[in-house]
Q: 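Have a look at the structure that comes next, please.
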Amino acid sequence: MSFPGPALAMVERMQAAAAADPARAIAFQGSPGANSHRAATEAAPDYLPLPCFSFEDALEAVKDGRASCAIIPIENSQHGRVADIHFLLPESGLSIVGEHFMPISHALMALPHPDGSFGPFSAAYSHPQALGQSRHFLRERGIVPLSHADTAGAAAYVAERGDPGVAAIAPPLAADLYGLTIVEDRVEDAADNMTRFVILAREPREPASLGSEAAMTTFVFEVKNIPAALYKALGGFATNGVNMTKLESYQKGASFSATMFYADIVGSPGDPAIDRALEELAFHCKELRVLGTYRQARQRG
């Protein structure tokens with residue numbers, strides 16, 4: 001798989017710039033103009049955005065030293081989990097060193113008919129997340145949602161196809177980059193559409209380096225296969241007054257016999273309450289892995 005033709009020249013220029021200064025490169029998944037591209041420029045304005053075709057490619061760029069960090073979307077306020085970070089991050093060996101919240105707005109964009117008119121559209125291409133965030137808009141207009149690797153890549157693909165009967169749902173910037181016209185703006189179903197991104201690096205951030213700043217800690221764990229193990233494992237957070245802001249389960253392997261949990265808590269190791277809660281959690285777990293401690297970008301609770 002590769003980027004659509006209209007995106008390739010921009011991708012190659014950005015890759016060349018990143019290759020010349022990998023210490024300042026930040027990898028993201030998608031074509032130029034994607035929401036992850038915008039997130040990279042907002043979260044690290046002094047860095048060089050490095051477009052990668054897949055989430056795995058973005059993580060590999062950091063592991064291989066072609067980028068110092070990567071920015072990956074992990075959850076959306078409207079449509080839930082974005083990337084399978086639960087699987088990708090533990091396998092990658094990278095650590096979460098930051099987070100970034102970004103409001104998301106989508107536009108319906110297309111090429112005009114020869115007479116200058118637009119639509120009707122039989123289908124719209126976009127990333128599954130953007131399609132899910134605009135599903136009511138699409139259903140009301142009878143537009144079939146078709147999945148693409150990323151939002152801006154969908155815009156480039158529609159431009160490459162040259163068919164005015166299909167559209168793309170993508171950030172407004174993508175229309176400018178790929179020569180499309182915005183037919184309708186703000187097509188997301190919720191006005192408060194927000195995506196949370198995490199920034200990943202080869203080395204973890206030392207909790208002590210955060211000083212008095214509000215911090216988040218993310219970890220994955222698997223409890224022992226005994227009755228009430230999860231209840232007992234989580235009890236330490238309640239008794240120590242630790243705020244757990246996220247807890248998600250996912251299956252480990254295809255046997256459906258082992259469940260892993262992904263969690264975010266407010267605070268960092270070194271705080272006695274956090275240390276006691278994590279120690280109690282570890283006692284009831286077969287596996288516990290801290291994925292990172294980082295500055296809290298948005299207050300919880």
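Small disclaimer: the values here were computed from a predicted structure and weren't measured.
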Q: Does the side chain of Q133 come under 3.5 Å of the side chain of N193 through a donor N or O and an acceptor N or O?
A: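 Short answer, yes.
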Q: For E213, does the CD atom have more than 12 heavy-atom neighbours from other residues, nucleotides or ligands under 6.0 Å away?
A: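 Check passes, neighbour count above 12.
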Q: Any side-chain heavy atom of F219 within less than 4.5 Å of one from D264?
A: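 No. Closest side-chain heavy atoms not under 4.5 Å.
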Q: Under the side chain to side chain donor-acceptor pair (under 3.5 Å) definition, can you give me all pairs with a residue in residues 10-25, not counting sequence neighbours?
A: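 Checked against side chain to side chain donor-acceptor pair (under 3.5 Å) - neighbours excluded - the pairs reaching residues 10-25 are D21-R24.
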Q: Does this structure show an ion pair linking R276 with E279, if we count only N-O contacts that are shorter than 4.0 Å?
A: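 Looking at R276 and E279, the cut-off is not met.
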Q: Check whether any side-chain N or O of D189 sits under 3.5 Å from a backbone N or O of F137 as a donor-acceptor pair, and report yes or no.
A: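 Checking the backbone N and O of F137 against the side chain of D189, a donor-acceptor pair under 3.5 Å is found.
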Q: Could you go through residues 154-161 and list every donor-acceptor pair under 3.5 Å that involves a side-chain atom there, pairing it with any protein atom two or more places apart or in another chain?
A:
unit_1 : atom_1 : unit_2 : atom_2 : d
E160   : OE2    : G5     : N      : 3.1
R161   : NH1    : Y125   : OH     : 2.8
R161   : NH2    : D163   : OD2    : 3.3

Q: Would you check if the side chain of H127 reaches a backbone N or O of S147 as a donor-acceptor pair within less than 3.5 Å?
A: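 A pair under 3.5 Å: no.
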Q: Applying salt bridge (Lys or Arg N to Asp or Glu O under 4.0 Å) as the test, list every pair that has at least one member in residues 124-150; sequence neighbours left out.
A: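 Every salt bridge (Lys or Arg N to Asp or Glu O under 4.0 Å) pair that includes a residue of residues 124-150, provided the two are not neighbours, is R141-E184.
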Q: Is it true that a side-chain atom of T181 and a backbone atom of V183 form a donor plus acceptor pair closer than 3.5 Å?
A: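 Not confirmed, T181 side chain does not pair with V183 backbone.
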Q: Determine whether a donor-acceptor pair (N or O, by modelled atom type, separation under 3.5 Å) exists between the side chain of R300 and the backbone of R298.
A: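 Between the backbone of R298 and the side chain of R300 there is a qualifying donor-acceptor contact (under 3.5 Å).
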Q: When you measure from the side chain of N240 to the backbone of G236, do you find a donor-acceptor pair of N or O atoms at a distance under 3.5 Å?
A: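 Pair found, side chain donor or acceptor close to backbone of G236.
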Q: Just by distance, with hydrogens left out, do T293 and T217 show a side-chain donor and acceptor under 3.5 Å apart?
A: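 Yes, a side-chain donor-acceptor pair sits under 3.5 Å.
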Q: Is D271 reaching over with its side chain to a backbone N or O of A273, donor-acceptor style, under 3.5 angstrom?
A: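 Looks like yes, one N/O pair under 3.5 Å.
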Q: Please evaluate residues C69 and V97 with respect to the criterion side-chain contact (heavy atoms from CB on, under 4.5 Å), reporting the C-alpha separation (whole Å), side-chain torsions for both, the decisive distance (0.1 Å), and the verdict.
A: CA-CA 9 Å; C69 58; V97 295; 5.5 Å; no
Q: Can you name the ring-ring contact (aromatic ring centres under 6.0 Å, His included) partners of F101, sequence neighbours left out?
A: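 ring-ring contact (aromatic ring centres under 6.0 Å, His included) list for F101, sorted by chain: empty.
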Q: Pairing donors with acceptors under 3.5 angstrom, does anything connect the side chains of T218 and Y294?
A: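 The answer is yes; a qualifying pair exists.
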Q: Compare every heavy atom of D185 with every heavy atom of I182, then report the nearest pair and how far apart it is.
A: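 It is CG2-N, 4.1 Å.
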Q: For residues 269-291, pull every pair meeting ring pair (Phe, Tyr, Trp, His ring centres under 6.0 Å), keeping only residues two or more places apart or in separate chains.
A: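 The answer is none; no pair qualifies.
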Q: Tabulate below the donor-acceptor pairs under 3.5 Å that side-chain atoms of residues 26-34 make, not counting sequence neighbours, or state none.
A:
unit_1 : atom_1 : unit_2 : atom_2 : d
Q29    : NE2    : F53    : O      : 3.1
Q29    : NE2    : A149   : O      : 3.1

Q: Do I265 and N243 have side chains that approach each other closer than 4.5 Å (heavy atoms only, starting at C-beta)?
A: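 Heavy-atom side-chain distance check fails, nothing below 4.5 Å.
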